[in-house]
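In listed order, ligands and their atoms are each counted from 1.
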Amino acid sequence: MNYTSVSFQKKGPDPEESISLSEVIAALSLAIELSDGAMHGHALRSCLLGMRIAEEAGVTPAEKSALYYALLLKDVGNESMVGLRSDRGASIVSKLGMGSLAANAIRYIEERWDGSGQPEGLHGESIPRLARLCSIAQHLDMFAIARSPEAAVETVKELSGLWFDPALVEVTRSLARRGELWTHCMAGDSHEKIRAAVLERDPHERHCLDDEQIDRICEGFAEIVDAKSHFTFRHSMGVAELAHGIALNLHLPEDRIRLVWRAALLHDLGKLSIPNRILDKKAELTASEWRIVKRHPGLTRKILDRIEPFREIAVVAGEHHEKLDGSGYPKHLRASDLSVESRIIAVADVYGALSEERPYRAKLSREKILPILESLAPHKLDADCVRALEAFLEQQPLPGFEPGAASDDQDDQKSRYCA
Ligand SMILES: [Fe+2]
Ligand SMILES: [Fe+2]
């Protein structure tokens, strides 16, 4: 059995490459935009607009850095209600270690200068300044997409003193007059250009992350994915715990265990693109709904591929629904293609899904799940990985150990337990 997938070995990127926070967040902000109704590139464009206004208005370096990440992450959980969204965004930003300045910028983003906003009806300068900046930046982009950049500036002017801070509106208008507001933020600008412009403005000058910070970011994004549907509450975290336990019991080297942990946390990132009407559906899925569900591992890979040092994680995470006999998806890979890391996550994912409640079935106990996993090995699931999972579960102090409280593995719906 190989470490890392065969397809990845062919690519051969540099594992020594350092990784910057802005690079990770900019790529992952695209994952957030896979959600229903989101505007592609909105976070990146809002970030550029907001940073330009902030620089012109004069902010401290600490504020600049908080604003940068707040704008990239402001729409975390955007399919839920506005109030909830701000709270979830704020809590994830604090979890990622970005501090209370960034968290409050998101928490109060829907407040309005005249006190008519949410969630607290704050008024004027009692609204945190960064939240006022975020608000004007996100609206400029939304108005520009709906109409045009000129109309957006005009609308912001009309709402000066109502929704927006008059001083910031003046700064916005002066930037627009000088032709400095919209560079790389126009509808026709290529995505790569926008992304490069955002990365150039990294307030940490591409400060490199250490392993613990990368883990925290992966955990934060696992939380975003899991929060999408209450059926998948803690699914990614649960699968990561199980996969980690399997990797330990298989005595993988430390760097491989870390890779498994991160890939498991991020494996369902592409699921953000599946509408909740499908994820939460009780009845059998239609053929076209199945096609949508089956796209998610490929999307996971595509998003993670944008982060150069995550390319190996991208491959492993993108293979979590592949099966040894070629019956999985999206690539119908076979045993000879699948690395030990991919096999571990496939086993952990099936266990995790079956241990969680689904719209169409109750959750199963460990006693019921293990015989199912054993029946899937060795033709679909790796038998060593299944044994290692059993060993891991036996090591748990509590017999009722639950890896998570719910998953996406809709494939168990179709073929019963043949995920
Ligand atoms: Fe999945
Ligand atoms: Fe999953």
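With 2.8 Å as the limit, H267 counts as an N, O or S neighbour of the Fe ion (ligand 2). For a distance bound of 2.8 Å, the N, O or S atoms of D268 include one lying that close to the Fe ion (ligand 1).
Distances from the Fe ion (ligand 1) to the N/O/S atoms of H321 are shortest for NE2. H296 contributes NE2 as its N, O or S atom closest to the Fe ion (ligand 1). Restricting D349 to its N/O/S atoms, the shortest distance to the Fe ion (ligand 2) is reached by OD1.
Between T155 and R147, some side-chain heavy-atom pair lies under the 4.5 Å cut-off.
In this structure, the ring of H321 has its center no less than 6.0 angstrom from the ring center of H332.
Here R262 does not pair with E312 in a salt bridge; the nearest charged N to carboxylate O distance is not below 4.0 Å.
Under the rule for a side-chain contact (heavy atoms from CB on, under 4.5 Å), the partners of L299 that lie at least two apart in sequence or sit in another chain are L34, S273.
Ring planes of W163 and F143: tilted class, angle from 30 to 60°.
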